[in-house]
2 protein chains.
Amino acid sequence: MTEKEDKMNVEKAILDAATEEFLSKGFSGARTVAIAEKAGVTHAMLHYYFRTKEKLFECIIDTVIKELIDSVTEAYKRQDASLSFEDRVVAVMNAHLDFIIAKPQLPSFLFMEIFPSTENFKLIKEKASSALGSLNTQLKEALESANNNEEIDNISLPMLISDVVTLNAATAISSQLATKLLNITKEEYVAMRKQENEILIRKRLKK
Amino acid sequence: MTEKEDKMNVEKAILDAATEEFLSKGFSGARTVAIAEKAGVTHAMLHYYFRTKEKLFECIIDTVIKELIDSVTEAYKRQDASLSFEDRVVAVMNAHLDFIIAKPQLPSFLFMEIFPSTENFKLIKEKASSALGSLNTQLKEALESANNNEEIDNISLPMLISDVVTLNAATAISSQLATKLLNITKEEYVAMRKQENEILIRKRLKK
DNA sequence: AATTTGTTTAACAATCCTGTTAATGACAGA
DNA sequence: TCTGTCATTAACAGGATTGTTAAACAAATT
């Protein structure tokens with residue numbers, strides 16, 4: 001079945017190239033000819049497989065969103081139930097950061113391209129709702145029971161999530177500036193921020 | 001001098017329209033005809049005054065950057081010297097947030113359009129270096145003397161600045177999601193985040 | 001009034017970019 | 001081997017978008 005493999009290879013090559021192009025340049029900045037070139041196919045092939053630029057874009061958002069959601073839910077599932085609430089939050093936060101760092105353009109792409117568009121946002125909300133819904137209730141329970149057992153400072157769940165997402169997203173985005181602004185490598189900067197984010201969250205949760 | 005006023009009006013109208021268009025859609029998403037229309041002039045006028053889309057873009061980055069830098073330095077200058085280090089940091093942070101919130105697309109625009117481009121980044125670094133340099137030394141002195149008088153937890157200056165910028169930028173960006181995700185207004189969300197950011201920073205600075 | 005200077009308009013040119021199509025090739029099943 | 005289907009290519013069509021130009025116009029200067 002070399003034909004089917006070939007077909008998958010072509011499709012995958014286009015998808016990979018498209019992901020890179022869309023994430024780095026945004027929808028309007030991306031060029032379909034550039035994607036085709038990067039994928040090593042004629043640009044007619046791109047239209048043959050995905051019809052339009054919009055459809056191709058939708059395909060890559062779908063997978064990107066799926067990967068993002070999975071990374072968080074997986075990280076939470078893997079948690080040791082015996083850990084304290086504080087330790088669990090930190091562990092999920094770090095797993096989330098590791099995923100984001102692998103695709104550092106993702107946060108600004110989401111903010112620029114996906115969130116402002118009501119339609120795309122609907123899509124992401126649908127995909128995320130079930131996963132985030134259960135994560136939410138789990139966290140809620142953990143926070144409530146933690147308040148009984150541990151000494152947790154008063155904090156609302158939305159603000160806690162906002163803190164984590166905020167710190168991680170900004171870490172990923174600003175990591176691209178690290179080498180340009182400070183005289184350190186991206187990896188050094190990320191390591192510093194990881195430590196700093198952990199300090200911030202731990203201090204925040206302590207009474 | 002109605003002619004010069006008129007000229008200024010046309011120029012300003014184009015610049016204002018361009019700022020809105022570029023900030024919300026990015027360079028490649030922006031359309032010069034849309035800018036001209038918004039400004040109420042023919043699109044030939046746009047080229048007459050600014051020659052090219054690129055040149056117009058450079059003009060608006062210049063002013064945007066200048067306003068951003070000024071907002072921070074002004075906020076720092078206005079500070080009461082009798083305040084504690086912690087209070088001063090919080091005051092500057094809040095002033096910074098107020099400015100950003102007025103142009104909520106600014107952070108994602110900077111991250112998407114300016115920072116990735118080495119050339120544009122050079123520009124912003126030049127413009128910011130003198131202002132940020134003096135701010136930096138002022139903060140450094142304040143931090144050192146604070147460590148003698150007050151009880152400040154160990155933190156490096158880059159990380160402190162990174163914390164503040166990070167939290168504020170993310171607040172502005174995510175505020176656009178507030179109404180879509182949580183059932184609250186943007187203003188309510190910003191107020192909540194402002195409070196939360198202040199708690200985070202104060203706790204971070206305390207030993 | 002004539003000239004000059006700078007502003008504005010409308011039409012047009014040129015290019016870039018997306019998407020199509022018709023022709024060709026490859027290959028599986030009848 | 002013939003036929004039909006799918007993959008691929010090259011060339012092109014259409015439209016959007018940026019940028020130019022020539023002519024009209026307004027205002028100031030001589």
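All chains are named by letter (A, B, ...) in the order of the sequence lines, taking the proteins before the strands, and each is independently numbered beginning at 1.
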So which nucleotide from [options] ends up closest to the side chain of [X]?
X: B/Met45; options: D/dA10, C/dG19, C/dT9; answer: C/dT9
X: B/Tyr49; options: D/dT18, C/dG19, C/dT8; answer: C/dT8
X: A/Tyr48; options: D/dG19, C/dT18, D/dC6; answer: D/dC6

Subject >> B/Lys203 (side chain) donor-acceptor with A/Ile201 (main chain) under 3.5 angstrom >> reply: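 Judged by distance alone, no pair lies under 3.5 Å.
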
Subject >> Which atom of A/Ala172 lies closest to which atom of A/Ile101, heavy atoms considered >> reply: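 For A/Ala172 versus A/Ile101, the nearest heavy atoms are CA-CD1, 3.9 Å.
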
Subject >> Residues B/Asp80, B/Arg88: salt bridge by 4.0 Å N-O rule >> reply: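 No salt bridge links B/Asp80 with B/Arg88.
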
Original post:
Charged N to carboxylate O below 4.0 Å: is that the case for A/Glu21 and A/Arg31?
Top reply: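 The answer is no: the pair does not qualify as a salt bridge.
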
Subject >> Check: A/Arg193/B/Ser162 side-chain N/O donor and acceptor closer than 3.5 Å >> reply: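 Yes.
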
Original post:
Does any donor atom in the side chain of A/Ser108 or B/Ser108 lie under 3.5 Å from an acceptor atom in the other side chain?
Top reply: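 No pair is found: no donor N or O on one side chain lies under 3.5 Å from an acceptor on the other.
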
Subject >> Whether over 12 other heavy atoms sit under 6.0 Å from A/Gln195 CD >> reply: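 No - once you tally the heavy atoms of other residues, nucleotides and ligands closer than 6.0 Å, there are 12 at most.
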
Under 3.5 Å, N/O pairs linking protein and nucleotides 21-24 of chain C:
none

Can you tell me if [X] touches the phosphate of [N], counting only side-chain N or O atoms and a distance under 4.0 Å to OP1 or OP2?
X: A/Thr32; N: C/dT18; result: yes
X: B/Thr42; N: C/dT9; result: yes
X: A/Arg31; N: C/dT18; result: yes

Original post:
So what does B/Ala34 touch, heavy atoms closer than 4.0 Å: a base, only the sugar-phosphate, or nothing?
Top reply: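 Result for B/Ala34 = nothing.
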
Original post:
Counting any heavy atom closer than 4.0 Å, what does B/Ala36 reach on the DNA or RNA strands: base, sugar-phosphate only, or nothing?
Top reply: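 Answer is nothing: B/Ala36 stays at 4.0 Å or more from every strand.
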
**OP:** Find the bend of the helix from C/dA1-D/dT30 to C/dA30-D/dT1 as the angle between its two terminal axes (five pairs each), to the nearest 10°.
**Re:**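 It comes to 20° between the two terminal axes.
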
**OP:** Using the ring pair (Phe, Tyr, Trp, His ring centres under 6.0 Å) rule, collect all pairs that involve residues 119-139 of chain B, keeping only residues at least two apart or in two chains.
**Re:**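 Listed by first then second residue: B/Phe115-B/Phe121.
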
